[in-house]
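Just so it is clear, the values below take in all heavy atoms, side chains as well, and ignore hydrogens, waters and symmetry mates.
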Amino acid sequence: MENNSSIQFFQNLLSPNKEIRNQAESDLETLKTKPFNETFRIFMDGIKSKDPLICQFATLILKKVYFDDVKIRDNLKEEEIEQITVFIRSQITFDNQDWKTLKRFGETLALIYQLRKNKDYFSEIMQLFNKNEFLSRKLALFIISNLSDLGEINDELAKKYTQDFIQI
């Protein structure tokens with residue numbers, strides 16, 4: 001799918017027309033069976049959309065496809081997880097982005113951080129927190145809250161990053 005057809009795909013998933021929506025849902029199920037390198041571009045196009053609703057929805061569907069579906073999540077390669085991470089981080093801006101979009105990005109990053117074998121993600125969160133921008137700090141706290149809900153904030157992490165937690 002090219003950019004316009006990717007955007008149309010997400011619009012169809014949101015369509016009030018039942019037939020159009022059902023076809024898009026069927027296309028989504030087919031998409032789940034295809035290799036990552038064939039499907040990720042569709043999500044990238046949707047997330048890059050200037051329409052905040054499409055961007056938020058594409059991020060939500062990406063999360064549901066790659067991270068909520070256990071079969072797909074367990075088969076993600078480390079480089080694919082990194083590709084998603086780098087892309088999501090590249091989309092985060094604090095000048096024109098609304099909070100709902102940032103929350104979707106934060107939810108996805110929290111799931112990515114949960115999947116990572118190492119716990120070095122906390123320094124990335126602290127980089128967000130240490131920016132002098134309100135939304136950046138709010139996003140960092142939101143990600144930490146999500147990680148806590150996922151059971152990722154534990155004694156070991158708290159001890160390792162004591163000074164950072166005190167700063168927060």
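Looking at L109 and I125, their side chains never come closer than 4.5 Å, going by heavy atoms from C-beta outward. A heavy-atom distance below 4.5 Å is not found between the side chains of K64 and D69. Looking at heavy atoms from C-beta onward, F94 lies in side-chain contact with L128 at the 4.5 angstrom threshold. By the 4.5 Å heavy-atom criterion applied to side chains, F43 and V65 are counted as neighbours.
Here N75 pairs with nothing under the side-chain contact (heavy atoms from CB on, under 4.5 Å) rule; sequence neighbours left out. For L150, the side-chain contact (heavy atoms from CB on, under 4.5 Å) partners at least two apart in sequence or on another chain are A110, L111, Q114, E152.
Atom NZ of K103 sits about 9.0 Å away from atom CG of N146, to the nearest 0.5 Å. From R104, atom CZ reaches atom CD1 of I88 across 12.0 Å, with rounding to the nearest 0.5 Å. Within the model, atoms CD of E107 and CG of D149 stand 10.5 Å from one another, a figure rounded to the nearest 0.5 Å. One distance of note links CG of L76 with CD of Q83; it measures 10.5 Å at 0.5 Å rounding. One finds the CD1 atom of I7 at 11.0 Å from the CD1 atom of I42 (value rounded to the nearest 0.5 Å). Distance check, rounded to the nearest 0.5 Å: OG of S5 to CZ of F10 gives 10.5 Å.
For the pair T39 and L31, the tightest heavy-atom approach, listed with the atom from each and the gap, is CG2-O, 3.2 Å. Across all their heavy atoms, K131 and R137 have their closest contact at O-NE, 3.4 Å. Across all their heavy atoms, D98 and P52 have their closest contact at OD2-CB, 3.5 Å. Across every non-hydrogen atom of I47 and F105, the tightest pair is CG2-CE2, 3.7 Å. Taking each heavy atom of R73 and F67 in turn, the nearest pair found is NH1-O, 2.9 Å. Closest non-hydrogen pair, C55 versus T101, comes out as SG-CG2, 3.7 Å.
A single hydrophobic cluster is not seen to contain both L62 and V86; linkage of ILVMFWY side chains at heavy-atom distances under 4.5 Å, directly or through other members, places them apart. Hydrophobic cluster membership differs between I20 and I61, with clusters built from Ile, Leu, Val, Met, Phe, Trp and Tyr side chains linked at under 4.5 angstrom.
Donor-acceptor pairing under 3.5 Å is recorded for the side chains of E124 and Y113. For the 3.5 Å distance criterion, the side chains of Q8 and N12 qualify, holding a donor opposite an acceptor.
With hydrogens and angles ignored, the 3.5 Å screen pairs no side-chain donor or acceptor of E38 with any backbone N or O of P35. Of the possible polar contacts, one joining the T85 side chain to the I81 backbone as a donor-acceptor pair under 3.5 Å is found. The main-chain N or O of L141 is never found under 3.5 Å from a side-chain atom of S145 such that the two would form a donor-acceptor pair. Put simply, the side chain of R21 gets close to the backbone of S15: a donor and an acceptor are under 3.5 Å apart.
Around atom NZ of K34, no more than 12 heavy atoms belonging to other residues, nucleotides or ligands sit under 6.0 Å away. Counting non-hydrogen atoms of neighbouring residues, nucleotides and ligands closer than 6.0 angstrom, the CD atom of E19 reaches no more than 12 such neighbours. No more than 12 heavy-atom neighbours from other residues, nucleotides or ligands sit within 6.0 angstrom of CG on N132.
Using cut-offs of 30° and 60° on the angle between ring planes, the pair Y66 and F36 is tilted.
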Residues F40, F87; criterion side chain to side chain contact (heavy atoms under 4.5 Å, CB included); working and verdict:
CA-CA 10 Å; F40 186 56; F87 175 72; 3.9 Å; yes
